[in-house]
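Beneath this line is the structure, given in structure tokens, with notes to follow.
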Number of protein chains: 2
Amino acid sequence: MVDTVAESRDPAVEAALDKAAEACAARGGQMTELRRQVLRLILSARAPVGAYALLDQLRAARPGAAPPTVYRALEFLQEQGLVHKVERLNAFVGCAGPDAHHHCGHGHDHPHQFLICGRCGATTEVCDDRVAHAVADAARATGFVPHRTTVEVEGLCAACALAA
Amino acid sequence: MVDTVAESRDPAVEAALDKAAEACAARGGQMTELRRQVLRLILSARAPVGAYALLDQLRAARPGAAPPTVYRALEFLQEQGLVHKVERLNAFVGCAGPDAHHHCGHGHDHPHQFLICGRCGATTEVCDDRVAHAVADAARATGFVPHRTTVEVEGLCAACALAA
DNA sequence: TCCGGGCTGATATAGTGTAACGCCCGACCG
DNA sequence: CGGTCGGGCGTTACACTATATCAGCCCGGA
């Protein structure tokens with residue numbers, strides 16, 4: 001075995017990492033090795049990952065890693081719009097890449113919604129403008145000035161709904 | 001001082017507690033003294049309250065109270081629709097009273113949204129059908145079967161927006 | 001009487017997130 | 001060159017949030 005446990009190195013993930021680094025640089029952010037490692041772990045996971053799960057995996061490459069190590073990386077990645085937190089799960093998912101949402105006219109701080117399958121744990125991000133507008137309108141109707149919005153739906157994904 | 005610290009005993013809160021107890025009983029739930037105390041603390045607060053803040057206050061009346069004491073009460077109150085959790089804050093707020101939402105045709109498990117002021121901490125619950133429908137529609141469009149929805153908007157409340 | 005379920009007490013532990021200090025290093029400037 | 005300033009990271013310690021588990025109590029029904 002040439003590759004160690006930590007490396008499944010999906011080429012698609014590596015490509016996404018390179019694109020992310022590029023996007024960061026364009027905004028004045030530095031995609032350091034640590035941040036890249038954390039983002040790789042998130043993008044390689046099939047479901048949202050908890051901070052401490054990331055920490056465990058990270059220690060393979062960085063024995064000295066501690067909670068602040070991963071939380072600081074996560075904070076950066078969230079600011080860059082590369083990662084979102086799923087509040088209901090206290091876990092993190094990669095954003096398909098902000099670029100993937102350019103079609104709906106949003107930048108890297110785009111509004112998004114999560115569909116969380118309570119059975120298989122799959123969490124998919126959608127980007128629905130009607131939802132975003134409805135929420136913003138409802139807020140503004142009360143004089144509230146919206147800044148950031150969290151929308152998370154728990155239920156059954158299409159596959160699990162059929163299986164059930 | 002006749003009343004001790006723990007008792008501000010807002011008559012409106014007491015009335016809400018009585019109504020809540022009634023509503024619980026109608027559904028087969030028991031509003032015990034402990035649960036009533038926890039609900040009173042939540043309804044008396046101006047902002048969402050953390051479980052451990054509740055615990056601290058609760059200990060005035062129940063020296064032996066421990067985390068499970070308050071979490072069990074909270075679980076019951078949430079099931080009864082008397083309390084909601086604000087995920088972004090890991091804190092709990094009283095529901096205006098499910099009855100307050102009968103006007104929009106929902107029962108005690110009604111869809112709701114939170115407007116969280118990042119400056120003063122005030123958190124208001126709204127009940128907007130367009131939002132609820134937009135979210136449900138967006139989810140169903142992907143074959144997802146929605147079960148429970150969390151919508152939380154962080155921003156500035158009307159008062160703070162003016163002050164800022 | 002005995003059983004069972006719901007509620008609470010009590011202890012222990014798991015999981016999530018931050019504060020605070022200090023070091024290194026590279027950028028920038030006099 | 002020397003200084004210093006800021007960002008990123010290591011490290012320790014701690015705060016906050018949540019749950020598992022076992023035991024005791026009360027009450028209503030068989």
Side-chain angles (χ1 to χ4, degrees), chain A residues 20-21 24-25 27-39 41-42 45 47-80 82-93 121 150 152, chain B residues 20-21 24-25 27-42 45 47-80 82-93 121 150 152 154:
Chain A
C24 277
R27 276 177 246 124
Q30 295 178 239
M31 178 63 87
T32 65
E33 184 53 26
L34 170 63
R35 291 163 177 175
R36 191 182 176 91
Q37 287 171 344
V38 171
L39 182 54
L41 290 172
I42 293 175
V49 204
Y52 281 69
L54 288 171
L55 181 54
D56 286 344
Q57 296 180 258
L58 191 59
R59 286 206 232 252
R62 294 179 176 254
T69 309
V70 62
Y71 278 103
R72 285 191 289 228
L74 286 169
E75 184 183 3
F76 171 84
L77 295 170
Q78 287 180 268
E79 280 166 1
Q80 295 294 320
L82 298 168
V83 160
H84 294 306
K85 178 174 183 181
V86 184
E87 299 287 346
R88 289 183 65 90
L89 304 177
N90 292 320
F92 303 83
V93 293
T150 301
E152 300 179 3
Chain B
C24 277
R27 275 176 247 125
Q30 296 178 239
M31 178 62 87
T32 65
E33 183 53 24
L34 170 63
R35 291 163 177 176
R36 192 181 175 92
Q37 287 171 343
V38 171
L39 182 54
R40 178 181 294 118
L41 291 172
I42 292 175
V49 204
Y52 281 67
L54 288 171
L55 180 54
D56 286 343
Q57 296 180 257
L58 191 59
R59 286 206 232 251
R62 293 178 176 254
T69 310
V70 62
Y71 278 103
R72 286 190 288 229
L74 286 169
E75 183 183 3
F76 171 83
L77 294 170
Q78 287 180 269
E79 280 167 1
Q80 294 295 319
L82 297 168
V83 161
H84 294 308
K85 179 175 182 179
V86 183
E87 299 287 345
R88 287 183 65 90
L89 305 177
N90 291 321
F92 303 84
V93 292
T150 300
E152 300 179 2
E154 185 235 321

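A, B, ... follow the sequence lines: proteins, then strands. Residue 1 opens every chain. Below, all heavy atoms of this structure are taken into account, side chains as well, without hydrogens, waters or symmetry copies.
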Need to verify one output field. Residue with the more 5' nearest nucleotide on DNA chain C, B:Pro67 or B:Glu33? B:Glu33
Mind checking whether B:Met31 and B:Gln80 have side chains closer than 4.5 Å, heavy atoms only? no
Please give, in whole Å, the distance from C:dG9 C1' to B:Gln37 CD? 14 Å
In whole angstroms, the gap separating C1' of D:dT11 from OH of A:Tyr71 amounts to 17 Å
Straight-line distance of B:Leu39 CG to B:Phe76 CZ, nearest 0.5 Å: 9.5 Å
Using a cut-off of less than 4.0 Å, is there contact between a side-chain N or O of [X] and OP1 or OP2 of [N]?
{"X": "A:Asn90", "N": "C:dG17", "answer": "yes"}
{"X": "A:Arg62", "N": "D:dG10", "answer": "yes"}
{"X": "B:Gln30", "N": "C:dG6", "answer": "no"}
{"X": "A:Thr32", "N": "D:dC9", "answer": "yes"}
{"X": "A:Lys85", "N": "C:dG17", "answer": "yes"}

Donor-acceptor pair (no angle test) under 3.5 Å: A:Arg72 side chain, D:dG7 base: no
Quick one: does B:Tyr52 reach the base of D:dA18 with a side-chain donor-acceptor pair under 3.5 Å? yes
Of A:Leu34 and A:Ala66, whose closest DNA chain D nucleotide lies nearer the 5' terminus? A:Leu34
Expected output: side-chain A:Glu152 to main-chain A:Arg88 donor-acceptor under 3.5 Å: yes
Check against side-chain contact (heavy atoms from CB on, under 4.5 Å), B:Val38 and B:Leu77: CA-CA 9 Å; B:Val38 171; B:Leu77 294 170; 3.9 Å; yes
